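Since the structure comes first, as structure tokens, the remarks are kept for the end.
None of these values were measured; they are calculated from a predicted model. Counting starts at 1 for both ligands and their atoms, following the listed order.
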Amino acid sequence: MDHAIDLLDPGKALDLSNIRFQLIRLEDTITFHLIERVQFPLNTPIYDASALPIPDSKLSLFDWMLSEQERVHSRVRRYQSPDEYPFFPEVLETPILPPLNYVKTLHPNDVNVNAKLKQYYIHKILPAACTSARKEAQETFGSSATCDVYLLQALSRRIHFGKFVAEVKFRTETERFVELIRKKDTEAIGDAITNSQVEKKVLERLKLKAKTYGTDPDGASGDGGKVDADAVVAMYKDFVIPLTKEVEVDYLLQRLDGTQWEQ
Ligand SMILES: C=C(O[C@@H]1C=C(C(=O)O)C=C[C@H]1O)C(=O)O
């Protein structure tokens with residue numbers, strides 16, 4: 001996928017204000033994908049392979065849709081981009097396009113929190129957001145899974161952007177982080193990467209976006225709007241921001257490996 005243009009530009013790839021701009025843009029993508037998803041019922045069978053068997057597969061419909069999407073996207077080099085991480089690495093295939101010369105920004109690492117994200121998504125985030133009383137409707141199983149895939153991929157990209165934020169913070173305060181990483185002091189590293197003011201602004205902006213994007217000017221979307229703004233804020237407060245910080249800490253714990261700072 002060729003959308004990570006900034007990651008080809010040495011001047012932008014590690015500019016914290018540009019990285020934060022990307023995170024803000026992803027708020028729009030994520031909010032709109034959630035608005036699309038919650039128009040359908042929760043449709044729990046699509047997450048349960050025993051409830052809705054898929055021919056020639058042991059996967060749930062949701063997992064099958066996600067893995068097949070990753071397979072085809074790998075053919076256009078999506079997972080060669082340093083800001084994209086697969087949920088099913090085993091299905092990736094050789095791209096049909098030549099590799100791009102990404103700026104070498106991140107230190108080699110194996111941080112991928114997608115398995116945890118997917119569980120949170122299915123069991124916590126969606127049930128809280130899919131407040132429609134409508135019973136499950138098998139005619140919307142495919143549409144629901146399609147929306148899920150786009151939303152989950154956007155959430156994964158937002159969360160793993162934490163690697164770029166962490167790299168910038170490491171380069172800005174190298175000595176401080178080298179000392180904490182050598183001690184493997186994950187709590188102190190977590191405190192060091194935390195910016196409460198930025199987090200507060202993220203949540204305030206999301207509440208406004210969810211209300212604004214979820215409301216038609218002529219009132220056609222009804223009093224409650226198309227999406228529960230509190231559910232959007234809770235998704236970020238309870239899952240997206242904590243997972244982003246987990247990625248930052250896990251990335252930093254690997255940052256000294258193979259460098260002159262490694263003890
Ligand atoms: C992403 C950053 O790191 C942390 C995570 C944040 C988030 O997930 O929104 C915001 C601020 C920091 O606590 C950042 O500093 O911008």
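Here atom 6 (C) of ligand 1 lies nearest to Glu199 when heavy atoms of Glu199, Glu246, Lys200, Arg20 are compared. For atom 8 (O) of ligand 1, the candidate residues are Arg158, Lys169, Lys245; the nearest heavy-atom contact is made by Arg158.
In summary, the side chains of Thr194 and Lys245 do present a donor paired with an acceptor at a separation below 3.5 Å, with no hydrogens or angles considered. For the residue pair Tyr213 / Asp28, a side-chain donor-acceptor distance below 3.5 Å is found, with atom types taken as modelled. Checked by atom type, the side-chain pair Ser156/Asn114 shows a donor-acceptor distance below 3.5 Å. Asp63 and Tyr47 are not linked by any side-chain donor-acceptor pair at a separation below 3.5 angstrom, with hydrogens and angles left out of the test.
Those atoms of ligand 1 that come under 4.0 Å of a heavy atom in Val198, given as number and element, are 10 (C), 11 (C), 16 (O). Using a 4.0 Å cut-off to heavy atoms of Thr244, the atoms of ligand 1 that qualify are 8 (O). Counting atoms of ligand 1 from 1 in the listed order, those under 4.0 Å from a heavy atom of Val165 are 1 (C), 2 (C), 3 (O), 14 (C), 15 (O).
At the shortest separation from atom 12 (C) of ligand 1 among protein heavy atoms lies Asn195 N, 3.4 Å. Considering only non-hydrogen protein atoms, atom 4 (C) of ligand 1 sits nearest to Glu248 OE2, 3.2 Å.
Only the backbone of Ile193 comes within 4.0 Å of ligand 1, judged by heavy-atom distances. Of the heavy atoms in Ile241, both backbone and side-chain atoms come closer than 4.0 Å to ligand 1. With a 4.0 Å cut-off on non-hydrogen atoms, Lys237 does not touch ligand 1 at all.
Comment: Arg255 does not engage Glu262 in a salt bridge, judged by the lack of any side-chain N to carboxylate O separation of less than 4.0 angstrom. Classification of Asp83 and Lys163 as a salt-bridged pair fails, no side-chain N sitting under 4.0 Å from a carboxylate O. Of the charged side-chain nitrogens involved, at least one lies within less than 4.0 Å of a carboxylate oxygen, so that Lys207 and Asp230 count as a salt-bridged pair.
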